[in-house]
Amino acid sequence: RTNSSNWSSAINPTHTRRVALLLWRSETWHSIRLPNQLSESQWIRNPKLRDNALEDAGYLCEFDSSHTSFVVGGNRFMEGHHLVPMEYQDRFPSQTLDFQENIFSLCPNCHRKIHLGETGDRIKMVNSLFNSRGREISEVVKVSLQIIESFYIDDWGSMCLGNNDR
């Protein structure tokens, strides 16, 4: 296994995009970790899964379907959010966290709120999203609501901003 410091010196951003494009075009998608600009590394995601999740949700915010956004290409702009965060992929070595049931369609405000909002607000959102699709997620990844909640408690917003000085 290659550690992230070796990856950082071996792969520049142009190569990272090429590797991601090659994986995206391949028949099988694998979750791999490559360096990014904000933190030591980031797990590469399959954009087709995100697009499918947004389409399945009808381009509505799955936390609150009354939330609106601007329109792009005839659809409301929504963002994909992994309820079991990709940041914790190392804790689930036998299964990728990048699967469609784990990706929720959120309006930009809700997506920022689940990452950067007050802890109580984040936990409320996690509970709501888990209640709508937790069974399906748990069938793929053995994880409970309590474990998922723990991912959103300890300085989550700081981690999302790339500040790892906990």
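This one's a predicted model, so the numbers in the text were calculated from it and none came from an experiment.
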### Query
Could you go step by step and tell me if Leu83 and Tyr152 meet the side chain to side chain contact (heavy atoms under 4.5 Å, CB included) rule?
CA-CA 10 Å; Leu83 187 62; Tyr152 290 81; 4.0 Å; yes
### Task
Apply side chain to side chain contact (heavy atoms under 4.5 Å, CB included) to His82 and Arg45, showing your working.
CA-CA 10 Å; His82 291 82; Arg45 295 145 174 85; 3.8 Å; yes
### Task
Go through the steps to decide whether Glu79 and Arg112 satisfy the test salt bridge (Lys or Arg N to Asp or Glu O under 4.0 Å), and finish with yes or no.
CA-CA 10 Å; Glu79 298 175 341; Arg112 296 307 171 276; 2.7 Å; yes
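Classification of the His81-His115 ring pair by plane angle, with boundaries at 30° and 60°, yields perpendicular.
The heavy-atom pair separating Phe99 from Leu49 by the smallest distance is CA-CD1, 4.1 Å. Shortest non-hydrogen contact noted between Ser105 and Leu60 is OG-O, 2.8 Å. The nearest pair of heavy atoms linking Val126 to Glu149 is CG1-CG, 4.2 Å. Nearest heavy-atom pair, Cys107 versus Cys61, reported as atom, atom and distance to 0.1 Å: N-SG, 3.5 Å.
Judged as a side chain to side chain donor-acceptor pair (under 3.5 Å), the pairs with a partner in residues 49-60 (not counting sequence neighbours) are, in order, Asp56-Gln100.
Remark: side-chain polar atoms of Asp98 are paired, donor with acceptor, to backbone N or O of Asn46 under 3.5 angstrom. Not one N or O on the side chain of Ser138 forms a donor-acceptor pair closer than 3.5 Å with the backbone of Arg135. Under a 3.5 Å cut-off, the side chain of Ser150 and the backbone N or O of Ile147 do form a donor-acceptor pair.
The closest side-chain heavy-atom distance from Asn102 to Val140 is not below 4.5 Å. Trp43 is not listed as a side-chain neighbour of Leu97, based on a closest heavy-atom distance of 4.5 Å or more. Inter-residue side-chain proximity for Met78 and Leu106 is flagged as unmet; no heavy-atom pair is nearer than 4.5 Å.
The salt bridge (charged side-chain N to carboxylate O under 4.0 Å, His left out) test with Arg133 is passed by exactly one of Glu139, Glu62, Glu101: Glu62.
In the hydrophobic cluster analysis, where Ile, Leu, Val, Met, Phe, Trp and Tyr join through side-chain heavy atoms closer than 4.5 angstrom, Leu54 is grouped apart from Met86. A continuous path of Ile, Leu, Val, Met, Phe, Trp and Tyr side chains, each step under 4.5 Å between heavy atoms, connects Val143 with Ile114, placing both in one hydrophobic cluster.
Applying the ring-ring contact (aromatic ring centres under 6.0 Å, His included) rule to Phe92 yields no partners; only residues at least two apart in sequence or on another chain are considered.
At a cut-off of 3.5 Å, with distance as the only test, a side-chain donor of Thr119 or Arg122 sits close to an acceptor on the other residue. Side-chain contact of His67 with Asn109: a donor-acceptor pair under 3.5 Å is absent, judged by distance alone.
The line from CD of Gln89 to CD1 of Ile44 is 12.0 Å long, rounded to the nearest 0.5 Å. Distance check: Phe70 CZ to Phe77 CZ gives 4.5 Å after rounding to the nearest 0.5 Å. Taking CG of Leu116 as the start and NE2 of His111 as the end, the distance is 9.5 Å to the nearest 0.5 Å. Rounded to the nearest 0.5 Å, atoms CZ (Phe130) and CD1 (Ile123) are 12.5 Å apart.
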